Amino acid sequence: LSLLPEDMQELIQTAMKITENNDKFTLNVAFSYTSRDEITHAVRQSVKMVEAGEINKDDIDVKLLDSLMYTCDSPKVDLLLRTSGEVRLSDFMLWQASSSITYFTKVLWPEFKFYHLLLAVFYYQRNMFLLDRLVSNRVESVESESDVHSDVRLVQAMEQVQS
């Protein structure tokens with residue numbers, strides 16, 4: 001936080017104080033963050049642990065790297081929102097988003113409203129079952145692929161109406 005202007009630091013401290021007892025949801029806001037830096041940091045930490053004799057090199061696995069990520073104390077990412085019409089993650093939470101639903105919208109962040117969030121949640125609900133099947137390695141022929149494409153078209157149409 002020390003890299004931010006004082007007024008921004010004060011606002012963030014106030015928000016943190018107000019929400020300190022909240023435990024149902026987690027909001028991650030990344031300032032001056034890149035996934036490459038985070039993953040590099042985790043790998044370097046694991047190498048230091050091997051050099052210090054704390055672990056064997058064979059102990060380096062996904063679980064260990066997960067524990068060394070900046071977000072190790074956060075729950076897994078279920079829904080990642082990307083605003084501004086960009087259809088890329090821009091080096092943002094690449095490790096954590098590997099098994100999440102990513103929702104892309106043309107709406108710019110300052111104009112992002114509650115109903116945009118509802119559209120994203122709807123998209124998430126309609127597509128989560130496909131991700132569950134992929135993640136659990138029970139990928140069968142997806143007969144409902146045309147349904148997914150129609151869902152995407154429906155969400156896009158709803159966005160056009162809202163914008």
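None of the values given here were measured: they were computed from a predicted structure.
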In chain order, what residues pass the side-chain hydrogen bond (donor to acceptor under 3.5 Å, both in side chains) check against W95, with sequence neighbours excluded?
-> D66

Sequence neighbours left out, what pairs pass ring pair (Phe, Tyr, Trp, His ring centres under 6.0 Å) with at least one residue falling in residues 35-55?
-> H41-Y70

CG of D61 to CD1 of I55, rounded to nearest 0.5 Å, is 8.5 Å

Close side-chain approach of M69 and S74, heavy atoms under 4.5 Å | no

Please check if L108 and Y103 belong to a single hydrophobic cluster, counting links between Ile, Leu, Val, Met, Phe, Trp and Tyr side chain heavy atoms closer than 4.5 Å.
-> no

Partners meeting side-chain hydrogen bond (donor to acceptor under 3.5 Å, both in side chains) with D59 (sequence neighbours left out) = none

Is the closest side-chain heavy-atom distance between L89 and L80 below 4.5 Å?
-> yes

Name all residues meeting the side-chain hydrogen bond (donor to acceptor under 3.5 Å, both in side chains) criterion together with S35; count only those two or more places apart in sequence or in a different chain, and write none if there are none.
-> Y33

Quick one: side chains of residues 4-11, donor-acceptor pairs under 3.5 Å with protein atoms, not counting sequence neighbours, listed by atom name and distance.
residue, atom, partner, partner atom, Å
Q9, NE2, L1, O, 3.3
Q9, NE2, L4, O, 2.6

By side chain to side chain contact (heavy atoms under 4.5 Å, CB included), which residues pair with T83, not counting sequence neighbours?
-> T105, W109, F112

So CG of L81 and OG1 of T102: to nearest 0.5 Å the spacing works out to 9.0 Å

Non-hydrogen side-chain atoms of E38 and T71 separated by less than 4.5 Å | yes

Taking side chain to side chain contact (heavy atoms under 4.5 Å, CB included) as the test, write out the residues that go with K113, two or more places apart.
-> Y115, H116

Go through the structure and list residues passing side chain to side chain contact (heavy atoms under 4.5 Å, CB included) with I18, not counting sequence neighbours.
-> T14

Which residues satisfy the salt bridge (Lys or Arg N to Asp or Glu O under 4.0 Å) test with K63, sequence neighbours excluded?
-> none

How long is the span from the CG atom in L64 to the OG atom in S46, to the nearest 0.5 Å?
-> 6.0 Å

Residue pairs fulfilling salt bridge (charged side-chain N to carboxylate O under 4.0 Å, His left out) with at least one residue in residues 88-100, sequence neighbours excluded | E86-R88

CG of L65 to SG of C72, rounded to nearest 0.5 Å, is 12.0 Å

Sequence neighbours excluded, which residues qualify as side-chain hydrogen bond (donor to acceptor under 3.5 Å, both in side chains) partners of K76?
-> D78

Establish whether V50 and L68 are linked, either directly or via other cluster members, by ILVMFWY side-chain heavy-atom contacts under 4.5 Å.
-> yes

Quick note, salt bridge (charged side-chain N to carboxylate O under 4.0 Å, His left out) partners involving residues 14-29, not counting sequence neighbours, are K17-E20

Roughly how far, to the nearest 0.5 Å, is the CZ atom of F104 from the OH atom of Y123?
-> 8.0 Å

Would you say M128 and I101 make side-chain contact, with heavy atoms under 4.5 Å?
-> yes

